[in-house]
Structures are given as structure tokens and as C-alpha cells.
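Quantities reported herein were computed from a predicted structural model and do not represent experimental measurements. As a basis for the values below, the full set of heavy atoms in this structure was taken, side chains included, without hydrogen atoms, waters or symmetry mates.
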Amino acid sequence: MAPAADGAPKPRRRLLHTSDVHLGGYDTGPEYKREEVEATFRAVIDLGRAAEVDALLIAGDFFDNARVRPETLAFAATEIARLERPVVIGPGNHDHVGPGSVYDRYPFHEVPNLQMIRN
């Protein structure tokens, strides 16, 4: 650990970063593609748990569009909660936070470890 300004050691932090997950991109397409995208995000959560990260940053395009199925939104919330560490989402151009966004269609505010950058 590197020393802080007062000479005390600073604890190391482990941050896991992902982006362009595009959940929901295959909600109306081939089932196996939707399953692959969800399995990939599930693997990110598994990695975060195994590595005991301090936080997860999802930097843009977590969802693919504003028409994502409710089941996909529930899957996302369940996986985020399963990490049991702070998760920060910075939406991108595919998952904007404007009126009618996916973030308004599901009670993501009830996911205790989720923080959303909305402005």
C-alpha cells in the first residue's frame, strides 16, 4: 500500500469496469443470442464476486434500447444485487435516462447497491 499524505497506508481498492453490455439487444431475436449476452453479464458478476472487488462501474450502454423486455430488466436488477458491492451505471446513447427510459420502467431505485448517474 502506498502511504497517504499523513504517512498512514492507503488501502487498495479493486474496481471492476465493463461497458457496452447491451442487455435486451436480442429480446426479439434468436433466443441463444439473448442467453449469450445474459451469460456474459452473469460472468462479469461472478468475476466481481470471486475477485472481491470493491465496486463495479458500468460505463455506458448497459441496455441496448428503450424497448427492453421487463424480464431483462428484472434479470439486470437481480444480477446487480447479487454482486453485493456498489454498482455505478453511467448510461450511454443506447440506454439514455430521459423520460420513458428503461431506468424509469423498472424500480432500480430499490436495488440497494445501485447508483445511477442521471445527469
Side-chain angles (χ1 to χ4, degrees):
M1 288 188 267
D6 64 0
K10 289 179 12 183
R12 290 182 58 185
R13 300 285 182 223
R14 299 186 103 177
L15 176 66
L16 179 59
H17 165 268
T18 192
S19 67
D20 297 286
V21 178
H22 290 279
L23 288 175
Y26 295 99
D27 276 2
T28 58
E31 184 72 14
Y32 78 93
K33 285 286 200 182
R34 181 188 60 76
E35 290 171 356
E36 285 178 5
V37 171
E38 289 182 0
T40 299
F41 184 62
R42 192 176 295 111
V44 169
I45 298 300
D46 290 343
L47 174 65
R49 290 173 57 91
E52 298 181 353
V53 299
D54 294 297
L56 168 62
L57 171 63
I58 303 172
D61 297 343
F62 183 44
F63 294 104
D64 188 70
N65 58 65
R67 298 170 306 282
V68 173
R69 296 184 321 185
E71 297 85 1
T72 301
L73 300 175
F75 165 80
T78 299
E79 288 302 305
I80 288 169
R82 190 169 69 86
L83 182 59
E84 298 178 338
R85 297 284 192 273
V87 176
V88 177
I89 298 177
N93 63 321
H94 284 258
D95 57 355
H96 70 93
V97 294
S101 76
V102 292
Y103 300 107
D104 292 334
R105 292 182 29 227
Y106 189 86
F108 285 103
H109 63 278
E110 294 177 5
V111 181
N113 58 321
L114 177 61
Q115 294 292 315
M116 181 79 52
I117 299 172
R118 293 190 68 111
N119 55 11

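Sorted by first and then second residue, the salt bridge (charged side-chain N to carboxylate O under 4.0 Å, His left out) pairs with a member in residues 48-60 read Arg49-Glu84; sequence neighbours excluded.
Of all non-hydrogen atoms in Val97 and Pro91, the two that sit nearest each other are CG1-CG, 3.2 Å. The two residues Leu23 and Glu38 come nearest to each other via the heavy atoms CD2-CG, 4.1 Å. Of all heavy-atom pairs spanning Thr18 and Leu56, the tightest one is CG2-CD1, 4.2 Å. The two atoms that bring Asn65 and Arg67 nearest to each other are OD1-N, 2.7 Å, heavy atoms only. In plain terms, the two heavy atoms of Arg14 and Ala51 that are nearest each other are NH1-O, 3.0 Å. Taking both residues in full, the closest heavy atoms of Ala59 and Ser19 are given as O-CB, 3.1 Å, listed atom of the first, atom of the second, then distance.
Between the side chain of His22 and the backbone N or O of Asp64 there is no donor-acceptor pair closer than 3.5 Å. Arg34 places no side-chain N or O within donor-acceptor distance of the main-chain N or O of Thr72, the cut-off being under 3.5 Å. Within the 3.5 Å criterion, the main-chain N or O of Ala55 finds no donor-acceptor partner in the side chain of Arg13.
Residues Phe63 and Val88 do not share a hydrophobic cluster, clusters being chains of Ile/Leu/Val/Met/Phe/Trp/Tyr side chains in contact below 4.5 Å.
Looking at heavy atoms from C-beta onward, Glu79 lies out of side-chain contact with Leu83 at the 4.5 angstrom threshold. Side-chain contact check for Thr40 versus Val21: every heavy-atom pair is 4.5 Å or farther apart.
No more than 12 heavy-atom neighbours from other residues, nucleotides or ligands sit within 6.0 angstrom of OH on Tyr26.
In this structure, the separation between CD1 on Ile58 and CG on Leu114 is 7.5 Å, given to the nearest 0.5 Å. In this structure, Asp27 CG and Arg69 CZ are separated by 4.5 Å, a value rounded to the nearest 0.5 Å. Rounded to the nearest 0.5 Å, atoms CD (Gln115) and CG (Leu57) are 12.5 Å apart.
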With side chain to side chain contact (heavy atoms under 4.5 Å, CB included) as the criterion, how do Ile89 and Ile80 come out once you've worked through the C-alpha distance, each side chain's angles and the decisive distance to 0.1 Å?
CA-CA 10 Å; Ile89 298 177; Ile80 288 169; 4.0 Å; yes
Verdict with reasoning, Arg118 to Tyr103, per side chain to side chain contact (heavy atoms under 4.5 Å, CB included)
CA-CA 9 Å; Arg118 293 190 68 111; Tyr103 300 107; 3.5 Å; yes
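In this view, Asn113 satisfies the side chain to side chain donor-acceptor pair (under 3.5 Å) rule with no residue, not counting sequence neighbours. The side chain to side chain donor-acceptor pair (under 3.5 Å) check on Tyr106 picks up nothing, with sequence neighbours excluded.
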